[in-house]
Amino acid sequence: MKLKQPMLGLIALTLIFIIIAIYTYVGLIELGIFLLFGLAYGIVLERSRFCFASSFRDLFITKDARLARGVAAGILVATIGFSILMISGIRSAKVLPVGFHTLIGGILFGFGMVLAGGCASGTLFRIGEGYVTLWFALLGTLTGMILLAATWPFLWYNYIKYQPKIWLVDYLGWGGAIALTISLILIYYIIVTLWEKR
Amino acid sequence: MQNTILKLYKKAFQQAWPAWLGGILLGLLNVLEFAFKKPWGITTSESRWTGWFLYALDVQIDKAPQWLYYQQYKTLINPPLLDSGTLIDMGIIAGALISALLAYDFKLRVPAKKSRLAQGFIGGVLMGYGARLAMGCNIGGFFSAIPQLAFNGWVFFIGLLIGGYIGAKLVVKL
């Protein structure tokens, strides 16, 4: 059984490439590329056991900041790349309304991911690794989404609709927004490193 | 030659990659995806799955005002196989499965304590509700939001720190 795993892996990989080929053949190459992106994310997440839930949990339980630093590094790289794409006008930012719903959503999500043992991306890659607990987490996630959708009109019309979309560039200009963002990421990086050594 | 390939294979697939490498690669992939079309996100499409499920049960999510959420997120605009976010999510599961298989590391892992399953489910409910309340998860609302220089990414981050701290204090007691 054990020897067969890489064989099965190659077969599954071939299947995915056949699906991508089919998308390309019917003129939907863009969707094939999205599947390829998903595949790449999945491989990197699994290989590096990259979980945001663990990045926060490890920080508070074992004072291990390796994942927290990895998260900071990823955001730093993306900030530089995204900024280039946005300044050159190739892409524009999609800013979300911000308010107490953002904070409370973050608290619920942060608590839930540590309890479940996987964030949104962590749940998906651990499902692929065979963790049955995370299958239940995904089922719970979908249930929670139906609950949110059922309460959405109340939340939207009474609160979220009126909250501002705050894009740092509108207030600080490109230089200020990028400098502030990168500084805060570096401060987080330094704080978690000092916290680890304590 | 064969030895070199075997060594490389072992390095790539039998030892875990360091977290910093994972983070940088995910950041780069996110930049590529944004250059290609849009930043990485996960839960918008997952919430569409729930819309499709309700629609299959004859719930009028396309018309009824109480299902405004699904109308705002254009849930029925594409069938599942044409929804780009669904392909990303499915790709992640497939990629992780393939990578675990290549590393001889796939195993059906049932927790020894059955209460872990309930813990996973309840944690999931909170994640699903919280992600869509904030209109983005740890990816769309954080990992992709801060690089877009959006303030909402930082507020969600503070929420994650608070929730993560409370969660960590609780799980050590469970």
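Just so it is clear: chains get the letters A, B, ... in the order the sequence lines come, proteins before strands, and each one is counted from 1.
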With only heavy atoms counted, which part of R49(A) is less than 4.5 Å from chain B, the side chain, the backbone, both or neither? side chain
Measure F154(A) against the heavy atoms of chain B and call it side chain, backbone, both or neither at under 4.5 Å. neither
For each of K107(B), K38(B), K37(B), K169(B), tally heavy-atom pairs with chain A at distances under 4.5 Å, and name the one with the top tally. K37(B)
Among V132(A), I16(A), I84(A), which has the most heavy-atom pairs under 4.5 Å with chain B? V132(A)
Identify which part of E30(A) has an atom lying under 4.5 Å from any heavy atom of chain B, answering side chain, backbone, both or neither. both
What option among V77(A), L124(A), L108(A) has the most heavy-atom pairs under 4.5 Å with chain B? L124(A)
Apply salt bridge (charged side-chain N to carboxylate O under 4.0 Å, His left out) to residues R66(A) and E196(A) and explain how you reach the verdict. CA-CA 9 Å; R66(A) 274 175 299 178; E196(A) 185 178 47; 5.4 Å; no
For S92(A), which atoms come within 4.5 Å of any heavy atom of chain B: side chain, backbone, both, or neither? backbone
Could you have a look at A150(A), A73(A), G117(A) and say which one has the most heavy-atom pairs with chain B under 4.5 angstrom? A150(A)
With a 4.5 Å cut-off on side-chain heavy atoms, are I178(A) and W174(A) touching? yes
Taking side chain as everything from C-beta outward and backbone as N, CA, C, O, which of these in A72(A) sits under 4.5 Å from a heavy atom of chain B? Side chain, backbone, both or neither. neither
Measuring heavy-atom distances to chain B, does Y171(A) have an atom under 4.5 Å in its side chain, in its backbone, in both, or in neither? neither
Contact class of L15(A) relative to chain B, heavy atoms under 4.5 angstrom: neither
Donor-acceptor check, side chain of T75(B) to backbone of R48(B), threshold 3.5 angstrom: yes or no? no
So which of S121(A), G70(A), A68(A) has the largest heavy-atom pair count under 4.5 angstrom toward chain B? S121(A)
V110(B), L26(B), L21(B), L82(B): which one forms the most heavy-atom pairs within less than 4.5 Å of chain A? L26(B)
Give, as side chain, backbone, both or neither, the part of Y131(A) having an atom under 4.5 angstrom from any heavy atom of chain B. both
Under the criterion side-chain hydrogen bond (donor to acceptor under 3.5 Å, both in side chains), I'd like the reasoning laid out for Q60(B) against Y55(B): C-alpha separation, chi angles, the key distance, then a yes or no. CA-CA 6 Å; Q60(B) 299 295 306; Y55(B) 192 67; over 6 Å; no
Which atoms of L28(A) come close to chain B, meaning under 4.5 Å heavy atom to heavy atom: side chain ones, backbone ones, both, or neither? side chain
Interface moiety of W40(B) toward chain A, non-hydrogen atoms closer than 4.5 Å: both
Donor-acceptor contact below 3.5 Å, side chain S54(A) vs main chain F50(A): no
Interface check, chain A: of G140(B), G128(B), A145(B), S47(B), most non-hydrogen pairs under 4.5 Å belong to G128(B)
So which of T79(A), L76(A), L115(A) has the largest heavy-atom pair count under 4.5 angstrom toward chain B? L115(A)
Among A137(A), G81(A), G99(A), single out the residue with the greatest number of heavy-atom pairs under 4.5 Å to chain B. A137(A)
For chain A, find which of S84(B), G136(B), A150(B) contributes the most heavy-atom pairs closer than 4.5 angstrom. S84(B)
Any donor-acceptor N/O pair, Q148(B) side chain to S83(A) backbone, under 3.5 Å: no
For side-chain hydrogen bond (donor to acceptor under 3.5 Å, both in side chains), just list the numbers for W152(A) and Q66(B), CA-CA rounded to whole Å, side-chain angles, deciding distance to a tenth of an Å, and then say yes or no. CA-CA 8 Å; W152(A) 184 252; Q66(B) 70 264 36; over 6 Å; no
Given that the side chain runs from C-beta out, which part of L85(A) has a heavy atom under 4.5 Å from chain B: side chain, backbone, both or neither? side chain
Less than 4.5 Å to any heavy atom of chain B: does that hold for the side chain of K165(A), its backbone, both, or neither? neither
Tell me, side chain or backbone of Y23(A) under 4.5 Å from chain B's heavy atoms, or both, or neither? side chain
Say whether I11(A) and F17(A) are linked into one hydrophobic cluster, either directly or through other cluster members, by side-chain heavy-atom distances under 4.5 angstrom. no
Carefully, step by step, assess S144(B) and F34(B) under the rule side-chain contact (heavy atoms from CB on, under 4.5 Å). CA-CA 9 Å; S144(B) 295; F34(B) 192 29; over 6 Å; no
Chain B contact via L10(A) - which portion, at a heavy-atom distance below 4.5 Å: both
Given that the side chain runs from C-beta out, which part of L184(A) has a heavy atom under 4.5 Å from chain B: side chain, backbone, both or neither? both
Applying the ring pair (Phe, Tyr, Trp, His ring centres under 6.0 Å) test to Y165(B), which of F56(A), F60(A), F111(A) qualifies? F60(A)
